[in-house]
Protein chains: 2
Amino acid sequence: MAVTISDVAHAAGVSKGAVSYALNGQPGVSDATRGRILQVAKELGWKPSLRAKGLSSAKAYALGLVVARDPKLLGTDPFFPAFIAGIETTLAEHDYTLVLSVATAPGAEERAYRKLADGGRVDGVILTDVRHNDSRIGLLRELKLPAVTLNRPDSDSPFPAVSMDDTDGITAAVEHLLALGHVRIGHVGGAQEYIHGRSRRQAWESAMAAAGMAADLFAEADFTAPGGVAATADLLRRPDRPTAIVYANDLMATSGQSFAQSQGLSVPGDLSITGYDNAEFTQYLNPPLTTIATDPMRWGRVAAQALLDQLNGTHSGQDTDLQAPSLLVRASTGPAPSTTTKHATKQAKEHTNP
Amino acid sequence: MAVTISDVAHAAGVSKGAVSYALNGQPGVSDATRGRILQVAKELGWKPSLRAKGLSSAKAYALGLVVARDPKLLGTDPFFPAFIAGIETTLAEHDYTLVLSVATAPGAEERAYRKLADGGRVDGVILTDVRHNDSRIGLLRELKLPAVTLNRPDSDSPFPAVSMDDTDGITAAVEHLLALGHVRIGHVGGAQEYIHGRSRRQAWESAMAAAGMAADLFAEADFTAPGGVAATADLLRRPDRPTAIVYANDLMATSGQSFAQSQGLSVPGDLSITGYDNAEFTQYLNPPLTTIATDPMRWGRVAAQALLDQLNGTHSGQDTDLQAPSLLVRASTGPAPSTTTKHATKQAKEHTNP
DNA sequence: AGAGTCTACTGAACCGGTTCAGTGGCGTGA
DNA sequence: TCACGCCACTGAACCGGTTCAGTAGACTCT
């Protein structure tokens, strides 16, 4: 930080302005002078101060991401790390950085957005985990903070969205189970407060309806492992318990599968299970989990680019639709049990393989 | 960003300097004037610009964290999210933010540190995943970037360390297995390039030596799931295969356990397994994993505080030692198999419970 | 009463860039 | 040859804070 633009200007025998023009590829200096200035700058090891640059150009050269999740849950969710890695691949090409906030306590989320906006720490934010009637949209509007949302909010939003449809994946999972002969296919949903919790549920409902089946085996959970256990227990207690359950994420599927097995059910013998996300550990479960392989890295890359475009004013204003993730069949799904094994629950401790 | 310090000064009928003094609680203004200034500032909704502040005070008001891991691995590692959440709890109290970089490609890591240092984007960094003879230490020195390391590097480092001993946990795991009658206790180590890979291996060796046992059943892996499979396969192929394996992290333990089961081994009947980290999903495995419960959130909190102290000049210069994580016994460990089941491998397909 | 001290405040310089109006020199056309 | 336009560059203002030297006025002390 020792060498400044003035040092370079002096060493090259020109004014500060000339150096600025030379560095930024703007007209106003001859090629010869430009070359000399760049040469001198290089020799002196000049790195323009981001702070000074930011002050005069009123930019922060940073994007913000506020993650409002319980760190416990965060730790097991494969989404964010990969998503963030995707953001970085885009930012690495433009000299922007990512400012990350983790807001766990209630109220901390709004404070985090205000903190990012107030001092002008970031030029825009990426909004994840969009909720039903998400209050953050109004907040960001108030703060005049440009944003991009992951999926289109169900309330009015002025921000471009980068969407990755989750309908196709869930539909494919249901159809896969139907093809295996399942009829009673349940759904353990994520918190319905989230639009991805809702859309996955709706996809399950629609797919069931399309097959002429009732979509009554629903239990709402919260995307967490204990929630998955509770919801699974709920479904398995029902008089006509499901022979297959479509979970809204891998973590619930994992804990649900584990719970079902602890109750003496064989997976997939008695119960087929599908997850969502394709967390790496799911292929090491017993049995490995059939799941839906999303591409959070790509999502991050595209979302960051969309936000940068918006900041540059080069964004089309259109929403971006990413390719829908597809079903990855592994061993946690199998043929529906024949009716004779329907009451297997009680004897299942002695039961090994169907 | 509309209202500036000049607006406030004008509205309060004082100079810019007075406003600055009033806001920062510095002497130079009477209590009455200070009150009036603060009042006016509040009414106008003035938020001092971080950029301007940073320029004149030569601070970035941000800390940096560079994560150099494969995003796939990152996605399953519970460490970082919780660690970052811990950093945030500290930063939330001081108006600092966290700048996160994910460096996946080779060479990207050094570039990331340079990027953070060059423009003066951060005031200091937290160094995680310290390696043997870590080149980053020299790099940070060259960049004159203050830092804190997680655990004390094995090369000369001028930076304070915040350490969480992993010897105790591994020792406890080995002793737990010894108490269960195991003799051939193997270790699947993380990449020995990392000092935590080394220290865990050494802890295992020492604990074995202390019990008078040979520590020859070692296989090096890389902290990834496929690596865990390969190392496990290696150990199980050995003539005197282990009856218990201590893994250097949960991900390898998970995949190792899954692999062993796929080979027909019962866990813990034929093979006991311990992990490290206490990732949330490990309690939903079959069987749930015996592991070592670390506290990455606390680690993050303390490390961030240590770095801030260092920036303020209030750091003692002493390393900080956090409480060592302890063993969490679950069902993946059990009594050593009797000698009759020693060759269980071949017949294991027919083998259910011991 | 005069000197000295202290408090409360002002004005200006400064941080390190960007940007704009202004200027000098050169080439061109009539 | 002179007027004109254009290019290349300079100097200064500016972004919004911090900080320091300087000063006016009140108070104390002898």
Side-chain angles (χ1 to χ4, degrees), chain A residues 1-38 40-41 44-62 95-96 117-123 311-312, chain B residues 1-38 40-41 44-62 95-96 117-123 311-312:
Chain A
M1 296 283 70
V3 36
T4 72
I5 196 172
S6 301
D7 299 332
V8 176
H10 186 252
V14 295
S15 70
K16 282 166 57 177
V19 178
S20 175
Y21 293 141
L23 187 82
N24 298 308
Q26 289 190 15
V29 278
S30 66
D31 285 350
T33 311
R34 183 185 307 272
R36 185 162 43 89
I37 291 175
L38 293 180
V40 169
L44 264 49
W46 175 54
K47 308 288 173 183
S49 155
L50 246 259
R51 294 199 274 265
K53 227 173 144 165
L55 179 59
S56 56
S57 59
K59 280 192 227 166
Y61 298 101
D95 62 8
Y96 265 72
D118 281 349
R121 293 178 192 257
V122 300
D123 295 324
L311 296 175
N312 290 340
Chain B
M1 295 287 71
V3 36
T4 72
I5 197 172
S6 301
D7 299 333
V8 176
H10 185 252
V14 295
S15 69
K16 279 167 58 178
V19 177
S20 176
Y21 292 141
L23 187 82
N24 298 308
Q26 288 190 13
V29 279
S30 66
D31 286 350
T33 311
R34 182 186 307 271
R36 184 162 45 89
I37 292 173
L38 292 180
V40 169
L44 264 51
W46 175 53
K47 308 287 172 184
S49 154
L50 247 260
R51 293 199 275 266
K53 229 174 142 163
L55 180 58
S56 56
S57 59
K59 282 192 226 165
Y61 298 100
D95 62 8
Y96 264 72
D118 280 349
R121 292 178 194 258
V122 300
D123 295 323
L311 296 175
N312 290 338

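Convention: sequence-line order gives letters A, B, ...; per-chain numbering from 1.
- Only Val29(A), Ser30(A), Thr33(A), listed by number, bring a heavy atom of residues 29-38 of chain A to less than 4.0 angstrom from any atom of DNA chain D.
- Of the residues in residues 18-26 of chain A, Ser20(A), Tyr21(A), Asn24(A), Gln26(A) come within less than 4.0 Å of DNA chain C through at least one heavy atom, sorted by number.
- Side-chain nitrogen and oxygen atoms of Ser15(A) include at least one within less than 4.0 Å of the OP1 or OP2 phosphate oxygen of dT10(D).
- Legend: residues meeting side chain to side chain donor-acceptor pair (under 3.5 Å) with Ser57(A), ordered by chain and number and at least two apart, are Tyr61(A).
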Throw together a table of side-chain donor-acceptor distances under 3.5 angstrom for residues 10-29 of chain B, partners on residues two or more places apart or in other chains.
residue	atom	partner	partner atom	Å
Ser15(B)	OG	Ala18(B)	N	3.4
Asn24(B)	ND2	Ser20(B)	O	2.9

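- Within the 3.5 Å criterion, the main-chain N or O of Gly120(A) finds a donor-acceptor partner in the side chain of Arg51(B).
- For Leu55(A), the listed nucleotide lying nearest its side chain is dC15(D); candidates were dG17(C), dG17(D), dC15(D).
- Distances shown here put every side-chain N or O of Trp46(B) at or beyond 4.0 Å from the OP1 or OP2 atom of dG16(D).
- With sequence neighbours excluded, the residues that form a side chain to side chain donor-acceptor pair (under 3.5 Å) with Ser30(B) are Thr33(B).
- Side-chain atoms of Asp123(B) come within 3.5 Å of backbone atoms of Ala60(B) as a donor-acceptor pair (strictly under, hydrogens ignored).
- Summary for the helix from dA1(C)-dT30(D) to dA30(C)-dT1(D): the axes at its two ends, each from 5 pairs, differ by 50° when rounded to the nearest 10 degrees.
- The side chain of Val14(A) lies closest to dT10(D) when the candidates are dG17(C), dT10(D), dG17(D).
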